[in-house]
Amino acid sequence: MDEGFCVIEFFDGPHGPDSDYVHISANAAYERHAGIPNVVGQKLREMVGDEADAWAARYGHVLRTGEPIRFEQELVATGRYLSLSSFRLEPPEKKHVAVLFQDITERRRAEKALQELNATLERRVAEALAERRLFAEIVEGATAFVQVADQDYRWLAINSAAADEFERLFGVRPKVGDSMLEVLADQPESQAVVKAVWDRALAGEAFIEVDTFGDPDRERRSYEMRFNVLRDADGKVAAAYQFVFDVTERLEEQARLAAAEEALRQAQKMEAVGQLTGGLAHDFNNLLAGISGAFEMIGSRLSQGRTSDVERYLQAGQGAARRAAALTHRLLAFSRRQTLTPKPLVINRLMGELSELIRRTVGPSIEVETIAASGLWPTLVDDNQLENAILNLCINARDAMPDGGRITIETGNKWLDRRTAKEHGLEPGQYVTVCVSDTGTGIDKAILDRVFDPFFTTKPIGQGTGLGLSMVYGFARQSHGHVRIYSEVGQGTMVCLYLPRHLGEEEVGLEETAAPIDESQSAGEVVLVVDDEPTVRMLIVDALSELGYACAEASDGPSALAVLQAQGRIDLLITDVGLPGGLNGRQVADAARALRPELKTLFITGYAENAVLNHGHIERGMEVLTKPFAIRDLTARVERLLR
């Protein structure tokens, strides 16, 4: 029961016969209503000694006479006011009385408050009238348009601001008692709009609506209308009221802001396109330098009647052309229009040689760890494009860890149910995953959703085309999979490729070649050539060797510094500006000058010199040659610097 219930048993005490009782039974609601826990076994005079006589007298009368009673009494010990009923349990010899009760404390308080309220009725009426006058004055003086209408669309109240605005819009001034439908009878379009919104409110709906009102031949304005209902004593909707605000200027400002945001997005797009074209120009200039230089050297050899080296330069030019095609494939990848040659493959087969390539690419300051899942399923995938995708992710990871860190490449099997697959944008089923995680700077959640967008990059201008992650995304989707990214600022980033499981057998066959760095030991003036493009490096070395210069080579910044520290004599440093390994060409030159203050330096780059070398502010003994360059221009610069 919700009500409290107990059975008490009287016994003789020091205060006389049947002067005390003990609780022998009670329900769970007893504590809730009386506020006394664990009452069974407790005696009256031990529980409420100061009140015991009154309670014993009440229930003692029931015991003696057998007459039930109903009464209300405060249990002072707990501050509860109780409504009680009591009756004797037969036979009388048992001396048992049952008690049923409820906590009516809140009701008594309300009654007491009502009594006090009634006692001050006159004062309260005066205060209420003053308060209503105050609110009426506030509403009347408010700039908001306030209207109240009954079920017949007649105004019960309207403030001056609303009446003025209504008259300005519709040419007629409303007053209390008028029907808004009747005053707009000669303006059927406006009448229909007004009726539609008031119908919703008078039907009991509380809502906010923004709409435009006014005679088409007069000024039209936009308004935010806040509707609510007034109910009678039975809860039925008797009327509705509205607070209205003119939001015309606000909406116009929002429209202007939206236009400005669209213009900003367009500007950002153009900036991204600029980043794209800058990055592509750099890569293509590298390749064009190799191609044009190879052709120039072929022409030189043929004019001299020396044909033994022609095949070598042909291979170099063809290799550069192939790499140019590979760059085009990157452009096609994110648009999902590249030509893929998928074949069944267990991705773990790639990890050995690929991880070594990645270690060489990211440099010694970054640890590369591979975790290959045992029993990995095969997947149908283009192995070359998969390698490119993983390499791209590792390069991004490297760039996010300028001070070093750890890259982890992990493979695994995943079974996605319908709910998880929907969250990942995939079909339910079995997938093979390749996840690349780093301990780098992480990506802000505000831009995390944009990282796969074409042209989007967080790198400075000239250091990224915005194609890397777009290519990975396009490759994954074209392979019927997906890619997901997880990142925490300051903690690192994980990018996971999901590729569908292939139920057939795998095919094995991967090749990779690497060209070793050759250091010239010839006599004469010594030139250190630093470029990550082997073809460009070879052409420069060959051209200078023919002029009698001895050449040492390096493919990245750390290797160049190692040569500078170990080589006895170096007269000239020729270095590309954009280098892998964590050091760019300018940083290599600065470190070289620290070791050899008089060392001459020739920068070669695919960018205009102002864009890459501190806006043209280079030191004495330094020059810049842009790619693609003619071999004769290179040799002329070298001779001029060494003179």
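- Paired with Val638 under the rule side-chain contact (heavy atoms from CB on, under 4.5 Å), one option of Leu641, Thr635, Leu634 passes, and it is Leu634.
- Note: Leu345 CG to Thr379 OG1 = 8.0 Å, rounded to the nearest 0.5 Å.
- Residue His482 is tested with Tyr431, Tyr498, Tyr473 for a ring-ring contact (aromatic ring centres under 6.0 Å, His included); the sole match is Tyr473.
- A distance of 9.0 Å separates CG of Asn348 from OG1 of Thr370, quoted to the nearest 0.5 Å.
- Thr408 places no side-chain N or O within 3.5 Å of a backbone atom of Glu369 that could act as its donor or acceptor partner.
- By the 4.5 Å heavy-atom criterion applied to side chains, Leu386 and Ile390 are counted as neighbours.
- Between Thr411 and Val432, every side-chain heavy-atom pair lies at or beyond the 4.5 Å cut-off.
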Starting from the C-alpha separation in whole Å, work towards a yes-or-no answer on side chain to side chain contact (heavy atoms under 4.5 Å, CB included) for Ile409 and Met351. CA-CA 9 Å; Ile409 307 168; Met351 289 298 104; 3.9 Å; yes
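- At most 12 heavy atoms of other shown residues, nucleotides or ligands fall within 6.0 angstrom of atom CD in Glu598.
- Here the side chain of Arg477 pairs a donor or acceptor atom with the backbone of Gly481 at under 3.5 angstrom.
- Summarising the geometry of Ile443 relative to Ser487, their closest heavy-atom pair is N-OG, 2.8 Å, with the distance given to 0.1 Å.
- Lys343 has its side chain within reach of Asp383: a pair of non-hydrogen atoms, C-beta onward, lies under 4.5 Å apart.
- Side-chain contact check for Gln385 versus Asn388: some heavy-atom pair is nearer than 4.5 Å.
- The neighbour count for Arg418 CZ, taken as heavy atoms of other residues, nucleotides or ligands under 6.0 Å away, does not exceed 12.
- When atom types are taken as modelled, the side chain of Asp417 and the backbone of Thr420 share a donor-acceptor pair closer than 3.5 angstrom.
- Across Gly404 and Ile366, no two heavy atoms sit closer than the pair CA-CG1, 4.1 Å.
- Looking only at side-chain heavy atoms (C-beta outward), Leu579 and Gln587 stay at 4.5 Å or farther from each other.
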Run the side chain to side chain contact (heavy atoms under 4.5 Å, CB included) check on Asp542 and Glu546 step by step: do they pass? CA-CA 6 Å; Asp542 283 3; Glu546 285 201 349; 5.8 Å; no
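- Inter-residue side-chain proximity for Glu356 and Arg359 is flagged as met; some heavy-atom pair is nearer than 4.5 Å.
- Side-chain contact check for Thr307 versus Leu302: some heavy-atom pair is nearer than 4.5 Å.
- Side chain of Asp309 to backbone of Arg312: no donor-acceptor contact under 3.5 angstrom is found.
- No donor-acceptor pair closer than 3.5 Å links the side chain of Gln478 to the backbone N or O of Phe475.
- Summarising the geometry, atom CZ belonging to Arg637 is positioned 6.5 Å from atom CG belonging to Leu602; distances are rounded to the nearest 0.5 Å.
- With sequence neighbours excluded, the residues that form a side chain to side chain contact (heavy atoms under 4.5 Å, CB included) with Glu253 are Arg256.
- A donor-acceptor distance shorter than 3.5 angstrom exists from the side chain of Arg593 to the backbone of Leu599, with no hydrogens or angles considered.
- The two residues Leu251 and Ser222 make their nearest non-hydrogen contact at CD1-CB, 3.5 Å.
- Looking at every heavy atom in both residues, Ala560 comes nearest to Val530 through CB-CG2, 3.5 Å.
- Remark: the backbone N or O of Leu564 is paired with a side-chain donor or acceptor of Arg596 at under 3.5 angstrom.
- Distance check: Gln565 CD to Ile570 CD1 gives 10.5 Å after rounding to the nearest 0.5 Å.
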Run the side chain to side chain contact (heavy atoms under 4.5 Å, CB included) test on Arg484 and Met494 for me, step by step, so that the C-alpha distance in whole Å, both residues' side-chain angles and the decisive distance to 0.1 Å come before the verdict. CA-CA 8 Å; Arg484 301 279 290 177; Met494 174 186 285; over 6 Å; no
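- Within the model, atoms SG of Cys496 and CG of Leu393 stand 9.5 Å from one another, a figure rounded to the nearest 0.5 Å.
- The backbone N or O of Ile631 sits less than 3.5 Å from a side-chain atom of Glu296, completing a donor-acceptor pair.
- Contact record, Thr439 with Gly405: OG1-CA, 3.6 Å, taken as the closest heavy-atom pair.
- Ion pairing between a basic and an acidic side chain is recognised when a charged N comes within 4.0 Å of a carboxylate O; Arg586 and Asp590 show such pairing.
- What you find for Met622 and Ala589 is that their closest heavy atoms are CE-CB, 4.3 Å.
- To the nearest 0.5 angstrom, Leu497 atom CG is 9.0 Å from Thr433 atom OG1.
- In this structure a side-chain-to-backbone donor-acceptor pair under 3.5 Å is present from Asp571 to Val526.
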Go through the steps for Ser437 and Glu410 under the test side chain to side chain contact (heavy atoms under 4.5 Å, CB included), then give the verdict. CA-CA 8 Å; Ser437 58; Glu410 184 173 2; over 6 Å; no
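- The one candidate from Thr601, Leu544, Leu625 that meets the side-chain contact (heavy atoms from CB on, under 4.5 Å) condition with Ile574 is Leu544.
- With contacts defined as side-chain heavy-atom distances shorter than 4.5 Å, the pair Val346/Pro378 qualifies.
- Under a 3.5 Å cut-off, the side chain of Asp531 and the backbone N or O of Asp576 do not form any donor-acceptor pair.
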